[in-house]
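Side chains are part of it too, since the values below use all heavy atoms of this structure and drop only hydrogens, waters and symmetry mates. Because the structure is a prediction, the values reported are computed rather than measured. Chain letters run A, B, ... following the sequence lines, proteins first, then strands; residues in each count from 1.
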Amino acid sequence: MEQRSGNIFTRIDWWTVALYIGLGVMGWLAICGASHSYIETSFLEFLDQSERTGKQALWMGISMIVGILLMCVPKHTYRNISGIAYLTTLLLGILTIFIAKDIKGSHSWISIGTFSIQPAEFMKAATAMALAAFIGRREFDMKNNKDFLKCIAIILVPMIIIVGQKETGSALVYFALFLALYREGMTGIYLLMGATAIVYFVVGIKYSNEPFSELPVNIGPYAVTVLIQTFSTAMAWFWCKSRKTTLVLLIVNASGTLLSYFVAVYLIEFDIMITQYILLAFNIIYLLLMARLKKEKKNIWIAVYIVGALAFFNSCNYVMQNVLKPHQKVRIEVLLGLKEDISGAGYNVYQSKIAIGSGGMFGKGFLNGTQTKLKYVPEQDTDFIFCTIGEEQGFAGSFFVMVIFVAFILRLISLAERQNDRFGRVYGYAIASIFLFHFTINIGMVLGIMPVIGIPLPFFSYGGSSFLGFSILLFTFLRIDADREQKTQRT
Amino acid sequence: MKNHSFDTRRYILSGIVLLILAVFTLQLLSLQADNDSYKDKADSNAFYEKTIYPARGLMYDRDGKLLVYNKPSYDIMFVPRELKDIDTLALCNTLGITIDDFKERVKRVKDRRLNPGYSPYTEQELMTQLSAEEYAAFQEKLFLYPGLHVRKRSIRQYSYNAAGVLFGDIGEVSQKKIDSDPYYQRGDYIGTQGIEASYEEALRGRKGTEILLRDAHGRIQGNYRDGELDTLAIRGKDLTLSIDIELQQLGERLMKNKIGSIVAIEPATGEILCMVSSPTYDPSLLTGRERGKNHKELSKDKRKPLLNRAIMGTYPPGSTFKTSQAATFMQEGIIDCNTSFPCQGGFVLNNFRLGCHAHSSPISLKPAIATSCNAYFCWGLHRMFGSSKYSGGTKEAMNKWRDYMVSMGFGYKLGVDLPGEVRGMIPNAEFYTKHYGNYWRAVTVISIAIGQGEVTLTPLQIANLCATIANRGTFITPHIVKGIEGEELDTTYTTPRKTMVDARIYEDIAEGMRLAVTNGTCRAANLPDIEVCGKTGTAQNKGKDHSAFMGFAPMHDPKIAIAVYVENGGFGATYGVPIGALMMEQYLNDSLSDESAKKAKEMENRVIYYGTAER
């Protein structure tokens, strides 16, 4: 056994460990900055257990110990217990809904003595591992609909439980696991559809009431029709790889759009939306015709995509106007910049932008920020921790933190890629995607370009079980990475 | 591995990661680089500049008696955003106002038209100028009302119920002033009238600021950088007024129930010893919470108590003006001390007649002054305006005359250190040409020689004329502040001004005025053991004549020069002389004899009925 753990020690990816420690230390310092209230004088007081910084330091220590323990468990054990771990955490999650105290409407915290833990943090690791183990089975085939649906079920069940705990933000994190599926061969159409849906929504709603030059048309819907034409043409090229279809779509759509625009502007004013719908109708008919003549089934799907996109966009409008509650509508409008709501829904983000913006290029200096310390930014040491870095360390410091974070994620991707079985690779991608999702949503929210979804920034946001949860994700993978069958000796 | 075809997807995923980094970097740059607006917003968020108001300068009289000082007052401030969940009814009870009143106040504060600087995040005034007792009652319950703060200020307090119109008052600074002078902020107090206004910069001192850190709930978290950037408030400078408060009080007493003015000047220095404008008001009416209401009432009063008649009222100077005529004619060589003119009950020329009263005829200069002979000065003016000395004829003579008058301080503002002084009226040749065409002569304008007609002076100008005679030809611009703490007096108030008339001529005039007291029209001004010089004036106007007197004493090395002007008081001897005499006695002897005290009481009780017309 001695011999073996020595081996482990040399096989650990120390780059990742270094980045992890770096992020953890920077995160702890950021919490010091955020919780400093002009009263502490000695730096040692930051380690006091009655302070949040002290508690966080303790949790960081606990996480390290747990990490070392997890490093002692071999890869095959993880693989073997993944199913049980998954079911256990699911049961614990369901149990939590009933026994947890109500904290601001959330039922996700279990108190043990003075500490509270959030079982959902461990569910992430268990789900990622269960998914990796499932895909890692020899008989798994992504093209098999049954297998694919099982994958989705593995992801959706914990999501539902977490939604039951009223932690919608944390539930969304599980969508990140689709990136791992994508790497394993899930068709990119789903990701593309998701991406284009977001584009249609943002463009369509944001410019829905802005007139297009002097024509009786609003930019929003018009731009969406042009985008649908563009995407369907692109799909014909990249997906069907049919030069002829692409050329026809490109020429007809481009010339039709431009011609109708110039006619409307310079000759006779008319509703150019009509030509847009005619062009889309042409696209559908042409694609279906090509599908029939050329026996190219993919063309049908492009046609379906066009119909679906139009239906999606129009239902978005309908949902915005008729289904959403006023406060939800306001949130979306604030995010899209349609409304300045400094005191209500937009308050957090407004204050967060002020705090970051006031940091300037080089910041106000460690412990010298005014906005975060004077509590202008709510949740300044948890979800909005990045504000403190922006204010105190300026652009230089925030950029450095982001670069380190991205380096960490890219390192995880490269570790995942060097796995020689699907189990390791899927698990690697799963955790890289989870970190990426947290990073994107959290910093995007703080910078005011993502909706306000309360999820923590890994290793930075104050919170013991979140730090421990992320450490578990990382160290299990580090052990799995260390145990890979090495074909070439690493230097 | 069979998934080889998907190996390129690692680059797509890595690309997405880098794309996100790029987008975030751009957004970070747009927030943090070259964008001061966020910095300003952060500062206005976090820094709360607390103004520290300095104590306003005090005012003392010439003997060092404290006249004007400060009393603490308390303003209740509120931050609208923080004013939530409080028991409004209880608050209103504590403050002694009704709920409707409270709502009205909050509404007014939030009205951006009335309050352009309104922000729900900054302190706004709820109620101002609470007394120490009201504050004490409120202080006990302050903890119940988060969002309410108390701001300590001070209001003026007066030791004597006198000289209100001189002190002036303090009010909230106007938007116009804020726009033109960056020193002032909304809610600051500024002197609006009287000495408070003219010496505002000395009295106000300098405000200090404390830069405090304020958290999101408006709670103060301490001084920014331990107070390194704070500035101390500098106390306002104290003023020593030239006023003798006892003389001022006596003057106001004597003028009770009369409209008019008394101005006394120390001839050697130009210091104003008293400046009474009647009717008066209690200066403390214009402090505290009732200021607005009281001010409105005072300004509606038909007798205009807020008007300082000594510098804002213009009156025909009547016979007091004859002294200036004598000086001019003598200096121009039109007459000398021994020149005599006939007076058979007045000035008669062809068909023109201007009446006089009974006295011996012909008459020379000094008796003419003593008896206030109208004819003598009319002849003098007639001779001057007809003199071949002036190649430009009557017009040149007229303008020469005007120059003399101006050199004596008439026709223009004297430059007293009080706001609102008016210039009075000294006509010139152009003025009459405009009115009468080219065919006017001395007889057309003859009444100016006896201080009637177009000529008007302020009581201050009459007093200054008297001081000039007392000084035998020079005067220092009259002023009411004789000392500013740690500051030199403006040279305007230390430099003597000379008239166009020689000192020896003034000596003759002084003798004439002495004769008026010993043998002439103002015998009642005689004081035992003091050589008083005087000149009465009875100025015709639309209603009953105005009663005027000017005098100085002692004749040699004069200590006081005084002008008394009582509207519709009749003969100069009726009101002007006795009041003037009492005032001089008070000042020179520091008290009144028993007999004089009785006279003063009597004078105080004399009432002139003015009816209800606007004055």
Heavy-atom pair with the smallest gap, counting every atom of [X] and [Y]:
X	Y	answer
B:R9	A:M186	NH1-O, 2.7 Å
A:E417	B:R10	OE2-CB, 3.1 Å
A:K143	B:F6	NZ-CZ, 4.2 Å
B:Q32	A:I356	NE2-O, 3.1 Å

* Measure the shortest side-chain to side-chain distance between B:L18 and A:L410 over non-hydrogen atoms and say whether it is less than 4.5 angstrom. => yes
Would you mind checking which part of [X] comes under 4.5 Å of any heavy atom in chain B, side chain (CB onward), backbone (N, CA, C, O), both or neither?
X	answer
A:S414	both
A:L447	both
A:Y429	side chain

* Structure fact -> Sorted by chain and residue number, the side chain to side chain contact (heavy atoms under 4.5 Å, CB included) partners of B:A90 (sequence neighbours excluded) come out as B:D87, B:Y145
Separation between [atom1] of [X] and [atom2] of [Y], rounded to the nearest 0.5 Å:
X	Y	atom1	atom2	answer
A:I389	B:L28	CD1	CG	10.5 Å
B:L13	A:I409	CG	CD1	11.5 Å
A:F386	B:F24	CZ	CZ	8.5 Å
B:D7	A:R183	CG	CZ	5.0 Å
B:I16	A:I413	CD1	CD1	9.0 Å

* Could you look at B:I20 and say if it's the side chain, the backbone, both or neither that has a heavy atom under 4.5 Å from chain A? => side chain
* **Positions in residues 395-403 of chain A that reach chain B, provided some heavy atom is under 4.5 Å away** => A:F395, A:S398, A:F399, A:M402, A:V403
* Return the set of residues passing ring pair (Phe, Tyr, Trp, His ring centres under 6.0 Å) with A:F178 (not counting sequence neighbours), or none when no residue passes. => none
For atom [atom1] of [X], decide whether the heavy atoms of other residues, nucleotides or ligands shown that lie under 6.0 angstrom number more than 12.
X	atom1	result
B:Y183	OH	yes
A:R137	CZ	yes
B:Q139	CD	yes
B:K207	NZ	yes

Could you pull out all donor-acceptor pairs under 3.5 Å where a side-chain atom in residues 437-445 of chain A meets a protein atom, sequence neighbours excluded?
unit_1: A:H438; atom_1: ND1; unit_2: A:P456; atom_2: O; d: 2.9
unit_1: A:H438; atom_1: NE2; unit_2: A:K124; atom_2: NZ; d: 3.1
unit_1: A:T440; atom_1: OG1; unit_2: A:L436; atom_2: O; d: 2.6
unit_1: A:N442; atom_1: ND2; unit_2: A:D383; atom_2: O; d: 3.0
unit_1: A:N442; atom_1: ND2; unit_2: A:I455; atom_2: O; d: 2.8

